Amino acid sequence: MYNVVISGTGLFTPPYSISNEELVESFNTWVQQENAAHAEAIARGEREPLPESNAAFIEKASGIKSRYVMDKAGILDPLRMVPRLPERSNDEPSILCEMAVAAARQALERAGRTAADVDAVIVACSNLQRPYPAVAIEVQQALGIQGFGFDMNVACSSATFGIQMACNAVQLGQARAVLVVDPEICTGHLNFRDRDSHFIFGDAATAVLLERADLASSPYQFEVLSTKLLTQFSNNIRNNFGFLNRAAEEGVGGDDKLFVQEGRKVFREVCPMVAELIGKHLEENDIQVSRVSRFWLHQANLSMNQLIVKKLLGRDASAEEAPVILDTYANTSSAGSVIALHKHQDDLPSGALGVLSSFGAGYSIGSVILRKR
Ligand SMILES: CC(C)(COP(=O)(O)OP(=O)(O)OC[C@H]1O[C@@H](n2cnc3c(N)ncnc32)[C@H](O)[C@@H]1OP(=O)(O)O)[C@@H](O)C(=O)NCCC(=O)NCCS
């Protein structure tokens, strides 16, 4: 068995940002138009007026101030409220591939590696833009990597689950290095007309290179001490979009074919599960929680992260201990915890311990214990 390190991380940030105020203005314009169009039915008491959204509520409830997106105009157009991402020909790189490659190139550069040093690509994300050929194989070809690639989806936990798969392959000698890439266009499956969730997501792509420790020469190495995964079925975060939709015409275009959640229930049920899993994982590795310098947590909700770390530490965590990126990125699904890792790692001294953890639909939870080399 070989020891494994994360030898490089990468991040692609989309070109546009939308503030809460901009998003709410578009939403409320749409609400006013809808209410005006149904004014008579509302006056007759046959229909409830739609309530407006509120930027202050969004920041207070979630910690989100703005989000990066692949298309801004389509989302903010009250007549559309969907990103406009034109189809590309089969001869052009697909948009997920393009984002993945940008993040992967940065991870390779930080690792001091080229495509020739990598034997596999895993694209791990919540939403794959087509069933096949695998986006990972397209990324593999775009980067010029020999070997194999495959796609996998464990929703928001895709990155940590992908890291465990990559770790296994490197430990067993099946690959010298594996790229795990998480391209997320969450705005593509977000219902911008749902007041409860229209503010939740943003877009981004991240990449992590996992390498055999004895081969790695990067100045940015983290030894992977252990990984632990858990899943437990829940309908509280769900999306019924899929290839059988066309076989049931009655459901096509329904709201359930986009992201739907019971936010309160998710909050209540997932926080204790995550704290318990991380706590158990550290205990199994004889690591006291107080020795962990950093928690790079999934970035969905600020209070959720504060609560999880408080349950673990028995006190409030500082901004250094549990870095926040969701204020400017929102929830980028599987990319979130890796963005936190990418942006908040260079200050850690050699020997420092950290936990990378994701959680989300499934339910699914992943924990990766890292030690700075
Ligand atoms: C989604 C989330 C931010 C909502 O926050 P919340 O405090 O639970 O909010 P609720 O949905 O209970 O709504 C609280 C109130 O705000 C109102 N509200 C909801 N959306 C609103 C909006 N956009 N603008 C203004 N008010 C809003 C509700 O109508 C409700 O009003 P009421 O108390 O009069 O009934 C929060 O539940 C969350 O982040 N949960 C975890 C989600 C998660 O991690 N998901 C993983 C996804 S991968």
Side-chain angles (χ1 to χ4, degrees), residues 9-14 18 62-64 66-71 75 83 85 95-97 99-100 102-103 122-129 135-136 151-164 180-192 194 197-208 229 231 234 236-242 257-263 266-267 270 274 296-302 304-305 308 324-343 356-368:
T9 55
L11 167 64
F12 166 79
T13 300
I18 297 179
S62 68
I64 298 165
S66 57
R67 68 284 294 141
Y68 291 99
V69 294
M70 294 301 286
D71 175 60
I75 291 171
L85 302 169
I95 189 164
L96 276 198
C97 171
M99 294 166 72
I122 299 174
V123 164
C125 61
S126 291
N127 288 278
L128 290 152
Q129 83 186 87
V135 176
D151 294 347
M152 55 177 278
N153 176 359
V154 200
C156 290
S157 296
S158 298
T160 50
F161 279 58
I163 285 171
Q164 177 162 307
V180 179
V181 204
D182 321 292
E184 294 282 12
I185 306 185
C186 300
T187 55
H189 69 96
L190 178 54
N191 184 352
F192 284 99
D194 174 33
S197 65
H198 76 113
F199 53 88
I200 284 181
F201 286 113
D203 305 330
T206 51
V208 174
L229 311 179
T231 52
S234 167
N236 290 334
I237 312 170
R238 191 163 171 130
N239 182 340
N240 286 331
F241 178 77
K257 308 303 182 300
L258 295 167
F259 168 88
V260 182
Q261 77 167 353
E262 295 275 351
V266 173
F267 196 112
V270 169
V274 177
W296 299 284
L297 298 183
H298 175 50
Q299 304 279 317
N301 180 298
L302 182 58
M304 214 168 166
N305 287 11
I308 289 167
V324 177
I325 61 92
L326 64 83
D327 53 344
T328 52
Y329 280 81
N331 182 347
T332 53
S333 194
S334 69
S337 58
V338 184
I339 300 176
L341 169 66
H342 178 75
K343 285 184 170 278
L356 176 76
S357 177
S358 59
F359 38 89
Y363 296 133
S364 57
I365 308 173
S367 168
V368 180

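All residue numbers in this chain count up from 1 along the given sequence. Just so it is clear, the model here is predicted, and its values are computed rather than measured.
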side-chain contact (heavy atoms from CB on, under 4.5 Å) partner of M304, chosen from V266, L297, V274: V266

Listed partners of S197 passing side-chain hydrogen bond (donor to acceptor under 3.5 Å, both in side chains), at least two apart: D194

Heavy-atom closest contact (A124 atom, A159 atom, distance): CB-N, 4.5 Å

Polar side chain donor-acceptor pair, S333 to S126, under 3.5 angstrom: yes

Where P183 and V123 come nearest, the two heavy atoms and their spacing: CD-CG1, 3.8 Å

Given T332, D182, L341, the one that forms side-chain contact (heavy atoms from CB on, under 4.5 Å) with T206: D182

Nearest heavy-atom neighbours spanning D151 and V135: OD2-N, 2.8 Å

Beyond-backbone contact of I185 with L96, side-chain heavy atoms, under 4.5 angstrom: yes

All ring-ring contact (aromatic ring centres under 6.0 Å, His included) counterparts of F12, not counting sequence neighbours: none

Heavy-atom check, side chain of P83 versus side chain of I75, under 4.5 Å: yes

Shortest non-hydrogen contact from M70 toward P14: SD-CB, 3.5 Å

For Y68, ring-ring contact (aromatic ring centres under 6.0 Å, His included) partners two or more places apart: Y329

F259 and H189 aromatic ring geometry - parallel, tilted or perpendicular at 30°/60° bounds: perpendicular

Polar side chain donor-acceptor pair, S358 to T160, under 3.5 angstrom: yes

